[in-house]
Amino acid sequence: MTDEILNQILKQALAPKISDQEILIHKRRKDKMRRFDTIGKAVAVAVAVVVIGIGGLGYFNPALASKIPLIGKIFEKVEDDITYSGDYTEKKTILTNEDSSGNLDTSNYTVSDKGFTLTASEVYCDGYSIFLTVNIQSEDADFTHIPEHYTGMNAISNQTAAGFYISGTWSIGGTSSELLQNTLEGKVIDSHTFVGMIKMDLAEKVADNGELSLHVDGLGYDDDRMLDGEEISASHWTDGSWNITIPFEVNQTDVKTIDIGEKKENITLDNVVISPYQVIVHTTTPGVQRELTDDRKKKLLSTNPDMTDAEMFELLGWSYEPCHTICFNQDRKMLYSDMESPGRAAFAVQGKEIKTLYIFIFDNLDDWTQMEQEGMNSSVADKAVIVKEIHIE
């Protein structure tokens, strides 16, 4: 796909108007986020940067912010605006305890370094992903200039969240470490306080409760006062060490796995997972059975920190044949396509009712992009390698 085509897609997606400069800035920023390892430019239209005026973000006086009961209630604060939106009230586990005086005890889940204090607040696990809320505080920072980005299907939905970069690794119960390749999505409370959620996808389904070991080695955020600069991504970055061990419970309430096992050409639709906040489509394609170990990834990323998994496969001479998946519900409403990696495509439910799923799997990214623009009745629907209608009981 050419840059000219991408520019047109971005302009159409960001109603009512967006300047060429803003498009260029977004293209720089999304390269750093690395959330879209496989889908790349096509999905980038859903998260274009939106610079929101400070007066519209609802910032509070710092003196008042300390009195707001954020810890233990961060999901409540951000759940309407983040990509994986929804009501977490009955699903979350609060990580803090109250002492005899009724005060919150966060000592087990709070770490500080280089002027930044991180407090893990709540956690939810559906067996396939861990959703963790975090409170970030820094007396020396000014978070009020962090821009927001779209997290809904389009600009009309008016669903936006601020983003906070986080780097490091995480692991579950002694398993091999995974790189943190996502951002915290949430809200700026005041100049010194940010609250948000990060989602970590598990390599294999987890059935039992466990512990998440989070090792953060860097934090950063963008600044809307630097939008004219050549590089705005994580313009405020701090290296450090923040390590937290977080217990989690697997809550499979309202989580369903539907086995499919349908193969056409070189693509197999293995199964579909429907949980309260996400739909996951598992596939098998040639070449994706090889796994990039954490050590190998780190070595490759040390030479090029923006390298995607696909680029790593190519550099190593491994075959890599991703597919491109898109989903609609019974009302022909497209599900938000957040990230597709080898063998796994994730979609945010965002409050949509799901009684029936229509799944289209392409082997051509341009066809996927056209259907993403045109909807379920797209003229390229018949070019999908696999088309599957699934009724959810």
Would Y84 and Y336 count as a ring pair (Phe, Tyr, Trp, His ring centres under 6.0 Å) here? Give the steps.
CA-CA 9 Å; Y84 288 90; Y336 184 109; 7.7 Å; no

Roughly how far apart are T285 OG1 and K263 NZ, rounded to 0.5 Å?
11.0 Å

Neighbour count >12 (heavy atoms, 6.0 Å) for atom NZ, K352:
yes

Enclosure of E90 CD (heavy-atom neighbours >12, cutoff 6.0 Å):
no

Decide if atom CG of D208 counts as having more than 12 heavy atoms of other residues, nucleotides or ligands within a radius under 6.0 Å.
no

Charged N to carboxylate O under 4.0 angstrom, D201 versus R344?
yes

Are the side chain of T133 and the backbone N or O of E122 linked by a donor-acceptor pair below 3.5 Å?
yes

When you measure from the side chain of D259 to the backbone of N271, do you find a donor-acceptor pair of N or O atoms at a distance under 3.5 Å?
no

Only one of Y165, F116, F143 clears ring-ring contact (aromatic ring centres under 6.0 Å, His included) with Y221; which?
F143

Side chains of S138 and H192: donor-acceptor distance under 3.5 Å anywhere?
no

For A161, does its backbone N or O pair with a side-chain atom of H149 as donor and acceptor, under 3.5 Å?
yes

Judged by modelled atom types alone, do H391 and Q330 share a side-chain donor-acceptor pair under 3.5 Å?
no

Output field: ring centroids F248/Y124 closer than 6.0 Å:
no

Quick one: do Y88 and F75 satisfy ring pair (Phe, Tyr, Trp, His ring centres under 6.0 Å)? Show the steps, please.
CA-CA 6 Å; Y88 286 80; F75 270 128; 4.1 Å; yes

For the pair K199 (side chain) and L132 (backbone), establish whether a donor and an acceptor sit closer than 3.5 Å, ignoring hydrogens and angles.
no

Is it the case that atom CD in Q370 sees more than 12 heavy atoms from other parts of the structure closer than 6.0 Å?
yes

Pairing donors with acceptors under 3.5 angstrom, does anything connect the side chains of T83 and T151?
no

Show the nearest heavy-atom pair for residues T169 and S177, with the distance to one decimal.
CB-CB, 4.0 Å

Quick check against the 3.5 Å criterion: does W368 have a side-chain atom that pairs as donor or acceptor with the backbone of T325?
yes

Assess, by modelled atom type and distance only, whether the side chains of N158 and Y150 contain a donor and an acceptor separated by less than 3.5 Å.
no

Any donor-acceptor pair under 3.5 Å from T193 side chain to I189 backbone
no

I'd like to know if K333 pairs up with D331 as an ion pair, taking the criterion as any Lys NZ or Arg NE/NH1/NH2 lying under 4.0 Å from an Asp or Glu carboxylate oxygen.
no

